Amino acid sequence: MTPQRTAALRRRLLAWFDAHRRDLPWRRTPDPWRIWVSEVMLQQTRVETVIPYYERFVTAFPTAAALATAPVEQALRLWAGLGYYSRVRNLKRAAEATVAERGGVVPDRAAKLAELPGVGPYISGAVASIAFNERVPAVDGNVLRVLSRVCAIETPINTLPGREEITGIAANLVPSKRPGDFNQSLMELGAAVCVPRNPDCATCPVRGQCAAFERGVVDELPRRVAKRKPRIVHAVAAVVRKRGKLLIARRAEGGLLGGLWRLPAVEATGKSAEGAFRREYGLDLALGPRVGEVRHLFTHVDLRLEVHEAKLVAPISGDVQARPKWSTLDSIAKHAVSTLDRRVLAIALNGDPVAE
DNA sequence: AACGCGGGGTC
DNA sequence: GACCCAGCGTT
């Protein structure tokens with residue numbers, strides 16, 4: 001970023017902000033407490049939604065001390081409908097700490113603000129720059145989007161490297177003159193012009209400084225890594241009984257639920273499972289009726305497991321690692337069994353839960 | 001590095 | 001119905 005481009009961005013963004021800033025309740029006060037409250041409410045929540053809540057809340061709790069000494073139920077009532085209720089619990093805890101340690105005075109530096117519960121990189125930067133004119137960035141979702149376009153950042157913004165890269169750019173961009181207004185100008189631009197879809201580049205004050213516009217790639221930025229939805233995996237588990245015992249096997253070390261005990265199961269559907277049981281467990285099974293199904297969601301796998309009764313038609317054979325063994329129900333309860341497999345066992349046992 | 005956390009607006 | 005929103009804490 002050349003000094004000229006930095007200067008042009010600062011000048012144009014501030015001038016645009018001066019002309020277009022919305023008249024919002026928390027922009028009518030220099031009170032750091034009120035600005036703090038607004039930032040907490042605005043977390044993942046739209047401006048229009050927040051306004052009425054903000055008015056009621058700061059009327060009830062005009063100072064940190066007022067919130068600190070109020071019952072949490074009252075604060076929660078005023079928050080009801082906003083969502084993310086841990087926000088108000090953290091805000092109350094932070095207010096209590098502020099009263100206890102600083103006589104109710106809000107810290108005036110981002111680094112100190114960030115020590116308070118519920119105050120992270122964004123809120124600490126926003127409060128410090130807006131209320132105290134500290135030259136620190138305040139990077140929210142708008143700023144990520146705007147700067148990823150202005151600087152044509154290819155790094156996905158929903159990854160740590162992406163956020164760090166843009167935070168570094170923002171930190172260099174913030175002027176010492178009006179840091180709070182500058183930070184708000186980036187957010188305001190993201191909310192009004194540089195919106196996620198169909199941004200209004202025709203009216204953008206920094207179109208001439210925008211690398212994405214110059215290269216014609218505005219619509220492709222910001223880049224994100226797709227949060228991929230779990231892969232669907234179909235599997236068959238076998239309930240094999242012999243005189244009050246069940247066949248169980250141990251999962252391979254290092255894999256999913258590695259080392260835990262389970263009913264024998266294979267990634268397959270229907271009759272094709274029999275061959276898989278032979279290969280993986282040395283079990284020559286005749287699959288019987290389906291007695292239930294378990295659906296289990298892991299981070300990366302949407303598991304749909306059919307539980308079938310099965311008969312052992314030949315002795316256990318083969319040189320397989322996952323050699324199953326017979327186990328009494330009492331004994332199974334003493335093994336390491338995952339939540340998933342407890343559910344499978346519950347079906348196998350006709351609803352009788354396996355003891356811990 | 002990825003999730004849970006709420007509720008609502010948008011396309 | 002998917003995506004996104006003035007994010008943070010936890011794992």
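Residue numbers begin at 1 in each chain, while the letters A, B, ... track the order of the sequences. What you are looking at is a predicted structure, and each value in this text was computed from that prediction instead of being measured.
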Which nucleotide in C/dG9, C/dC4, C/dA6 has an atom nearest any side-chain atom of A/Y122:
C/dA6

Check whether the side chain of A/Y84 and the base of B/dG6 form a donor-acceptor pair under 3.5 Å.
yes

Verify whether the ring centers belonging to A/W79 and A/Y53 lie closer than 6.0 Å.
no

What is the distance from CG of A/L82 to P of C/dC5, rounded to the nearest Å?
18 Å

Look at the side chain of A/R135 and the backbone N and O of A/V174, then say whether any donor-acceptor pair between them is shorter than 3.5 Å.
yes

Is the backbone N or O of A/A238 less than 3.5 Å from a side-chain atom of A/H308, with the two atoms forming a donor-acceptor pair by type?
no

With nearest nucleotides of DNA chain B determined for A/S86 and A/P161 from heavy-atom distances, which residue corresponds to the more 5′ nucleotide?
A/P161

What is the nucleic acid contact for A/R89, judged by heavy atoms within less than 4.0 Å: base, sugar-phosphate only, or nothing?
nothing

For a quick check of understanding: with a heavy-atom distance under 4.0 Å over all strands, which category does A/V143 fall into, base, sugar-phosphate or nothing?
nothing

Using every non-hydrogen atom in the two residues, find where A/C151 and A/I169 come nearest and quote the distance to one decimal.
SG-CG2, 3.9 Å

Residue closer to the 5' end of DNA chain C, A/R87 versus A/R46 (nearest nucleotide)
A/R46

Base, sugar-phosphate or nothing for A/G190? Non-hydrogen atoms, less than 4.0 Å.
nothing

How would you label the contact of A/L24 with the nucleic acid (heavy atoms, under 4.0 Å): base, sugar-phosphate, or nothing?
base

NZ/NE/NH1/NH2 to OD/OE distance under 4.0 Å, A/D18 and A/R178
yes

A/R93 CZ to C/dC8 P: how many Å, rounded?
15 Å

Taking only the P atom of each, what is the distance from C/dA6 to B/dC11 in whole angstrom?
14 Å

Both conditions, 6.0 Å and 45 degrees, for the charged tip of A/R215 above the ring of A/F213: are they met here?
no

So, A/K92 and A/E96, do they make that salt bridge, N to O below 4.0 Å?
yes

Rounded to whole angstrom units, what separation is found between the CG atom of A/N183 and the P atom of C/dG7?
13 Å

Respond yes when some side-chain nitrogen or oxygen of A/R224 is under 4.0 Å from OP1 or OP2 of C/dC3, and no when none is.
no

Does A/V127 reach the side chain of A/E39, with side-chain heavy atoms less than 4.5 Å apart?
yes

What interatomic distance, in whole Å, is found between P of B/dG8 and the corresponding atom of C/dG9?
24 Å

Return the value, rounded to whole Å, for the distance between atom CZ of A/R145 and atom P of C/dC4.
10 Å

Can you check the A/L160 CG to B/dC3 C1' distance for me, whole Å?
15 Å

Looking at C/dC8, C/dA6, B/dG7, which one has an atom nearest to any side-chain atom of A/Y85?
B/dG7

Let me spell it out: for each of A/N198 and A/G83, pick the nucleotide of DNA chain B with the closest heavy atom. Which residue's pick is nearer the 5' end?
A/G83

Under 3.5 Å, is there a donor-acceptor pair between the side chain of A/W36 and the main chain of A/L91?
no

For DNA chain B, find the residues of residues 107-116 of chain A with a heavy-atom distance under 4.0 Å and give them by number; none if there aren't any.
none

Using OP1 and OP2 only, check whether a side-chain N or O of A/R163 sits under 4.0 Å from B/dA1.
no

Salt bridge flag under 4.0 Å for residues A/E309 and A/R290:
no

From the list C/dC8, B/dA1, C/dG7, which nucleotide is the closest neighbour of the side chain of A/P121?
C/dC8

Distance between the P atoms of C/dC4 and B/dC3, in whole angstroms?
15 Å

Heavy atoms only, 4.0 Å cut-off, all strands: where does A/I123 land among base, sugar-phosphate and nothing?
sugar-phosphate

Lys/Arg N to Asp/Glu carboxylate O, A/E188 vs A/R21, below 4.0 Å
no

Using atom CG of A/L144 as one end and atom C1' of C/dC3 as the other, report the distance to the nearest whole Å.
16 Å

Which part of the nucleic acid, if any, lies within reach of A/P222 when heavy atoms closer than 4.0 Å are counted: base, sugar-phosphate only, or nothing?
nothing

Strand contacts (DNA chain B) in residues 30-45 of chain A, 4.0 angstrom heavy-atom criterion
A/Q44, A/T45

With rounding to whole Å, what would you report as the distance between B/dG6 and C/dT11 at their P atoms?
16 Å

Rounded off to whole Å, could you give me the CG-to-P distance for the A/N90 and C/dG7 pair?
16 Å

Separation of C/dA6 atom P from A/L186 atom CG, nearest Å, is 13 Å

